[in-house]
Amino acid sequence: MFGRTPLGRLLTLFLVFQGFVALATSNCTDKKHAYYPPKEGDSRSPCPFLNTLANHGYLSRDGKGITIPQVLDACQKGFNVAPEVLGTFGKLGLLTSSNFTFFSLDQLNLHGCIETDASLSRADNFFAPNNGNLNFNETVYATLASSNPGVDYYNITSAGQVMKARLDDSIANNPELVNGPREITFRSTESALYLIVLGDAKTGVAPKSFVDTIFREERFPDGWKKSETPIDGATVMPIAKAVQEASNWEATNGSYAGALEFVIA
Ligand code: HEM
Ligand SMILES: *[C@@H]1O[C@H](CO)[C@@H](O)[C@H](O)[C@H]1NC(C)=O
Ligand SMILES: *[C@@H]1O[C@H](CO)[C@@H](O)[C@H](O)[C@H]1NC(C)=O
Ligand SMILES: *[C@@H]1O[C@H](CO)[C@@H](O)[C@H](O)[C@H]1NC(C)=O
Ligand SMILES: *[C@@H]1O[C@H](CO)[C@@H](O)[C@H](O)[C@H]1NC(C)=O
Ligand SMILES: *[C@@H]1O[C@H](CO)[C@@H](O)[C@H](O)[C@H]1NC(C)=O
């Protein structure tokens, strides 16, 4: 197209190459991991991140017939979170199913297994007999969404404040609240995970728009890239501890004892 001179040929080659690059970076060539919202009958969980992985085809898009190795592999491929961080969640996830091998995302909603009260984006089981603790709830999420006012990021301080506010709400209104060491361990780990996976792994500072997109839309946020270094236990532990400290947590009542080491074994 640029004539027969050597420079013309070079330019043509360059433009063709640019075309390949553009194709490779658009959603068109990566249909396998393009975002599609769930269809009627698909299974989704109380976990915004697992739902995101299903919506992008890292987990089966129908959210059914999932195994522990599959879920750990998906978390690694989609978010670069190492299996050592999530192994216990994965195993507990399988406990929610009567099948020895497979579980569906909606089964993870089993109250008291991984599913806890005082979640960031779901109502407590007590208020939610019809899967209200499974589905995203904007009223609940408003506490997180309005945290750290005046800046465009969430951090350890705001994450701790949100956890405290959500727990205070449950203490005041949920007569069946379960709030022991096991619950705070899970909740601290989850808050640390959204900061680290969507933000800076060392400082725990995460852009609000990334966090809000995952929670509200369950898709990879525009402009977000997964961490280049694997997010392992040594990365998550200190942030989870700091978030828990910032939340000023005290046990009210709850289940059996646990520590952060229990989750990140
Ligand atoms: C990259 C991996 C993962 C990340 C970043 C992540 C992050 C989160 C976050 C931030 C929450 C809190 C949601 C809220 O409070 O509203 C959550 C909840 C949950 N996650 Fe995940 N998660 C991951 C993997 C997993 C895995 C592997 C499982 C189990 C197979 C799991 C099961 C759950 C469940 C059952 C909840 C609901 C807890 C509750 O709030 O009651 N997650 N997760
Ligand atoms: C890829 O899909 C996302 C989510 O729908 C969208 O926001 C983004 O603009 C798409 N990118 C391209 C290059 O089409
Ligand atoms: C588990 O599910 C698979 C696939 O549906 C089925 O073939 C198998 O029989 C089930 N096993 C048990 C113990 O229910
Ligand atoms: C959302 O959460 C609020 C506050 O807990 C609750 O009143 C409302 O019923 C929930 N909505 C749904 C659809 O569960
Ligand atoms: C989090 O951000 C707020 C608002 O900028 C700031 O006051 C607070 O010190 C930050 N927390 C940490 C741990 O940096
Ligand atoms: C926690 O306390 C509430 C209210 O006193 C009670 O209904 C609930 O059964 C208690 N839960 C546990 C696990 O002790």
Side-chain angles (χ1 to χ4, degrees), residues 44-54 58-59 63-145 154 159 162-163 166-167 169-170 172-174 178 183 185-199 206 210-211 214-216 218 220 226-227 230-231 236 240 243 263:
R44 289 296 181 266
S45 77
C47 178
F49 287 78
L50 292 184
N51 295 348
T52 298
L53 290 172
Y58 283 95
L59 283 172
K64 297 171 188 169
I66 290 168
T67 67
I68 298 175
Q70 269 174 14
V71 81
L72 298 180
D73 185 58
C75 292
Q76 194 162 30
K77 292 211 169 90
F79 292 117
N80 208 4
V81 178
E84 67 180 25
V85 176
L86 301 167
T88 303
F89 278 141
K91 288 183 186 180
L92 286 173
L94 183 57
L95 281 181
T96 65
S97 169
S98 60
N99 196 284
F100 299 144
T101 311
F102 302 105
F103 62 94
S104 300
L105 289 181
D106 63 303
Q107 292 181 306
L108 296 177
N109 200 36
L110 182 67
H111 184 55
C113 189
I114 307 173
E115 202 282 315
T116 63
D117 294 322
S119 302
L120 305 170
S121 66
R122 270 70 175 164
D124 285 3
N125 184 62
F126 176 76
F127 303 112
N130 297 316
N131 277 346
N133 53 333
L134 187 151
N135 297 316
F136 176 78
N137 182 319
E138 184 64 46
T139 310
V140 172
Y141 187 67
T143 304
L144 205 171
Y154 303 121
V162 171
M163 283 175 61
R166 290 292 307 126
L167 182 57
D169 181 50
S170 294
N173 297 307
N174 179 358
V178 178
E183 287 69 35
T185 300
F186 287 2
R187 294 174 54 234
S188 304
T189 305
E190 288 159 9
S191 284
L193 278 172
Y194 80 73
L195 292 175
I196 293 171
V197 168
L198 301 171
F210 290 177
V211 178
I214 288 262
F215 272 96
R216 288 183 171 137
E218 304 191 329
F220 293 146
K226 72 178 171 200
S227 167
I231 295 165
V236 178
V243 166
V263 174

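Whatever order the structure lists them in is the order used to number ligands and atoms, beginning at 1. Starting from 1, each residue takes its place in the sequence as its number. Just so you know, these numbers use all the heavy atoms, side chains as well, and skip hydrogens, waters and symmetry mates.
By the salt bridge (Lys or Arg N to Asp or Glu O under 4.0 Å) test, Glu218 is found to be paired with Arg122, residues two or more places apart in sequence or in another chain being considered. Residues passing the side-chain hydrogen bond (donor to acceptor under 3.5 Å, both in side chains) test with Lys77, sequence neighbours excluded: Asp73.
The protein heavy-atom contact nearest to atom 14 (C) of ligand 1 is Leu120 N, 3.4 Å.
Side-chain atoms of Glu115 and Asn133 form a donor-acceptor pair, as typed in the model, at a separation below 3.5 Å. Side-chain contact of Asn80 with Ser227: a donor-acceptor pair under 3.5 Å is absent, judged by distance alone.
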Glu84 and Val236: CA distance, side-chain angles, deciding distance, side chain to side chain contact (heavy atoms under 4.5 Å, CB included) verdict: CA-CA 11 Å; Glu84 67 180 25; Val236 178; over 6 Å; no
Candidate pair Val140 and Arg166, rule side chain to side chain contact (heavy atoms under 4.5 Å, CB included), full reasoning: CA-CA 8 Å; Val140 172; Arg166 290 292 307 126; 3.4 Å; yes
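The six-membered or imidazole ring of Phe215 lies away from that of Phe136, with a centre-to-centre distance of 6.0 Å or more. Taking the six-membered ring for Trp, Phe210 and Phe220 have ring centres at least 6.0 Å apart. Aromatic pair Phe186/Phe89: centroids less than 6.0 angstrom apart.
Atoms of ligand 1 lying under 4.0 Å from at least one heavy atom of Leu108, given by number and element, are 35 (C). Annotation for ligand 4: atoms under 4.0 Å from non-hydrogen atoms of Val140 are 2 (O). For ligand 1 and Thr116, the ligand atoms under 4.0 Å from any heavy atom of the residue are 39 (C), 41 (O).
Distances from atom 27 (C) of ligand 1 to the heavy atoms of Ala74, Ser191, Cys75 put Cys75 nearest.
Polar contact with ligand 1: absent for Tyr194 (N/O pair, distance under 3.5 Å).
Within 4.0 Å of ligand 3, the residues that place a heavy atom are Asn99, Phe100, Phe102, listed by chain and number.
Protein contacts to atom 21 (Fe) of ligand 1 involving N, O or S atoms at a distance below 2.8 Å are Cys47 SG.
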